[in-house]
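For clarity, every value in this text was computed on a predicted model and none was experimentally measured. Every chain is numbered from 1, with letters handed out A, B, ... down the list of sequences.
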Protein chains: 2
Amino acid sequence: MARAATTSDVFNAIAEPQRRDILVLLRAGERPVTELARELGMTQPGASKHLRVLREVGLVRDRKAGKQRLYGLDARGLRPVHEWSGGFEQFWNESFDRLDAYVQDLKQARPEES
Amino acid sequence: MARAATTSDVFNAIAEPQRRDILVLLRAGERPVTELARELGMTQPGASKHLRVLREVGLVRDRKAGKQRLYGLDARGLRPVHEWSGGFEQFWNESFDRLDAYVQDLKQARPEES
DNA sequence: TTGACGCATGCCGATATGGGCATATGATTG
DNA sequence: CAATCATATGCCCATATCGGCATGCGTCAA
């Protein structure tokens, strides 16, 4: 083995900053590839490749519109991400205190305690 | 160029399934490396490497405890992930017959198809 | 000090990524 | 049909990843 799958996993698809940018941009509405590439400062083949990944994991949909191909957002796949990260919500509010507690314990370092 | 940075980005850190598993496991409390490896069915060096990535992006903290090294969760870094994905919440709740929220906004027309 | 234990690191191999570039494929128009 | 525009693909390169393995380093016990 070498590397885990990438193209079949939403978490991996959004690990790439440019792909996240694409998704954000698509919130404003459908766009043809060329326009996306232009607005994000990437080449057309580059945009197409990222869009392919996003399409394969179901985060975008495309439809033909004459000569063009319009890409649109399908954010449903992001829901698992939101829910997974939400599962840690209680922790990022407590993290400070808990870690502080650890540190306290450490600094005081009482073998008999804890 | 070849590949974007990975070790400096939380999105990339959690793109790896095993690392997500580690984080989930750590919600139950601190653990030494060996135990994590055992519970997740990975080798000790494998666990250490994943933990290193998680540590570098700040998702876990470690503290020495005698011969052992206990890893603990620091979920604060997951908050941006939650917020970013939350920015799409309205999209996965809306009807997806209409690809274009932009159009919806401009002319409050009802979609043609369902 | 020596030995045992716990963990981190280094090295290798296989792989797949992202970017650049050229070109193939598709669709529209004349 | 030919020419043209829009997009997708193929290919190559440089690189970073993950996994396995062996070993280094630090800590504790005897």
Side-chain angles (χ1 to χ4, degrees), chain A residues 1-23 25-26 30-57 59-72 106 109-112, chain B residues 1-23 25-26 30-57 59-72 99:
Chain A
M1 297 176 203
R3 200 197 180 76
T6 195
T7 246
S8 50
D9 179 59
V10 172
F11 282 89
N12 217 307
I14 64 170
E16 163 64 43
Q18 306 212 62
R19 285 198 286 263
R20 289 202 295 278
D21 291 342
I22 290 178
L23 293 175
L25 204 52
L26 288 181
E30 293 179 297
R31 293 245 164 67
V33 177
T34 306
E35 193 178 327
L36 276 171
R38 189 174 50 71
E39 296 187 286
L40 294 176
M42 40 201 247
T43 63
Q44 175 268 310
S48 279
K49 286 173 184 173
H50 283 310
L51 284 167
R52 184 182 186 181
V53 174
L54 292 173
R55 196 173 47 204
E56 286 177 350
V57 300
L59 286 174
V60 301
R61 297 196 300 183
D62 63 301
R63 64 163 198 191
K64 288 188 303 178
K67 265 195 288 196
Q68 301 189 118
R69 181 175 283 262
L70 296 181
Y71 279 88
L106 270 186
R110 316 245 330 188
E112 297 87 16
Chain B
M1 296 176 202
R3 199 197 182 79
T6 195
T7 249
S8 51
D9 178 56
V10 172
F11 282 90
N12 218 309
I14 64 170
E16 164 62 44
Q18 305 213 65
R19 285 197 287 262
R20 288 202 296 280
D21 291 342
I22 290 178
L23 293 176
L25 205 52
L26 288 181
E30 294 179 296
R31 298 263 162 76
V33 177
T34 305
E35 192 177 327
L36 277 171
R38 190 174 50 72
E39 296 187 287
L40 294 176
M42 42 201 245
T43 63
Q44 175 268 309
S48 279
K49 285 173 184 173
H50 283 310
L51 285 167
R52 183 182 187 182
V53 174
L54 292 172
R55 195 173 47 204
E56 285 177 350
V57 299
L59 287 175
V60 301
R61 292 277 187 86
D62 64 299
R63 65 165 192 177
K64 289 188 304 178
K67 266 195 287 195
Q68 300 189 121
R69 182 174 284 263
L70 296 180
Y71 278 89
L99 266 179

Problem set entry | Rounded interatomic separation in angstrom, taking CD from A:Glu56 and P from C:dG18 | 12 Å
Problem set entry | Pair A:Glu16-A:His50, side-chain contact (heavy atoms from CB on, under 4.5 Å): steps then yes or no | CA-CA 9 Å; A:Glu16 163 64 43; A:His50 283 310; 3.6 Å; yes
Exercise. Given atom CG of A:Asp62 and atom C1' of D:dA6, what is their separation to the nearest angstrom?
Worked result: 13 Å
Problem set entry | Spacing between A:Leu51 atom CG and C:dG18 atom P, to the nearest angstrom | 13 Å
For this session: Could you tell me whether the phosphate oxygens of D:dA6, OP1 or OP2, come under 4.0 Å of any side-chain nitrogen or oxygen in A:Tyr71?
Result: no
For this session: Compare side-chain N and O positions of A:His50 against OP1 and OP2 of C:dT17 and report whether any pair is under 4.0 Å apart.
Result: no
Exercise. CG of A:Asn12 versus P of D:dC18: gap in Å, rounded?
Worked result: 9 Å
For this session: Could you check how far CZ of B:Arg20 sits from C1' of D:dC18, rounded to whole Å?
Result: 15 Å
Exercise. Considering all heavy atoms of both residues, which atom of A:Gly72 and which atom of A:Leu26 are nearest to each other, and what is their separation?
Worked result: C-CD1, 4.2 Å
Exercise. What's the CD1-P distance between A:Ile22 and C:dG18, to the nearest Å?
Worked result: 11 Å
Exercise. Is any side-chain N or O of A:Arg55 closer than 4.0 Å to OP1 or OP2 of D:dA8?
Worked result: yes
Taking only nitrogen or oxygen atoms into account, show me every contact under 3.5 Å that the protein makes with nucleotides 26-30 of chain C, one pair per line with its distance.
{"unit_1": "C:dA27", "atom_1": "OP1", "unit_2": "A:Lys64", "atom_2": "NZ", "d": "3.3"}

For this session: List the steps and the verdict of side-chain contact (heavy atoms from CB on, under 4.5 Å) for B:Gln44 and B:Val33.
Result: CA-CA 7 Å; B:Gln44 175 268 309; B:Val33 177; 4.2 Å; yes
Exercise. What nucleotide, of C:dA8, D:dT7, D:dC18, holds the atom closest to the side chain of B:Val33?
Worked result: C:dA8
Problem set entry | C:dG18 OP1/OP2 closer than 4.0 Å to side-chain N/O of A:Arg19 | yes
Exercise. Given D:dG20, D:dG19, D:dT7, which nucleotide is nearest the side-chain atoms of B:Gln18?
Worked result: D:dG19
For this session: Check the pair A:Tyr71, A:Arg63 against side-chain hydrogen bond (donor to acceptor under 3.5 Å, both in side chains), reporting the backbone distance first and the verdict last.
Result: CA-CA 7 Å; A:Tyr71 279 88; A:Arg63 64 163 198 191; over 6 Å; no
For this session: Looking only at side-chain atoms of A:Glu16, point me to the closest of D:dT7, C:dG19, C:dA8.
Result: C:dG19
For this session: Quick one: do B:Leu36 and B:Leu25 satisfy side-chain contact (heavy atoms from CB on, under 4.5 Å)? Show the steps, please.
Result: CA-CA 8 Å; B:Leu36 277 171; B:Leu25 205 52; 3.6 Å; yes
Exercise. Which of these nucleotides, C:dG19, D:dC21, D:dA6, is closest to any side-chain atom of A:Lys49?
Worked result: C:dG19
For this session: Enumerate the residues from residues 35-45 of chain B whose closest heavy atom to DNA chain C is under 4.0 Å, giving them by residue number; use none for an empty result.
Result: B:Gln44, B:Pro45
For this session: Round to the nearest Å and state the distance from B:Leu54 atom CG to C:dA8 atom C1'.
Result: 15 Å
Problem set entry | Residues that A:Arg38 engages under side-chain contact (heavy atoms from CB on, under 4.5 Å), provided they are two or more places apart | A:Glu35
Exercise. Tell me: CG of B:Leu70 to P of C:dC5, nearest whole Å?
Worked result: 19 Å
Exercise. Please walk me through it: do A:Leu40 and A:Ile22 pass side-chain contact (heavy atoms from CB on, under 4.5 Å)?
Worked result: CA-CA 8 Å; A:Leu40 294 176; A:Ile22 290 178; 3.4 Å; yes
For this session: Scan B:Ile14, B:Leu51, B:Val53, B:Val57 and name whichever one has a side-chain contact (heavy atoms from CB on, under 4.5 Å) with B:Arg19.
Result: B:Val53
Exercise. Quick check: does any side chain N or O of A:Arg55 sit under 3.5 Å from a backbone N or O of A:Val60, one acting as donor and the other as acceptor?
Worked result: no
Problem set entry | NZ/NE/NH1/NH2 to OD/OE distance under 4.0 Å, A:Glu56 and A:Arg52 | yes
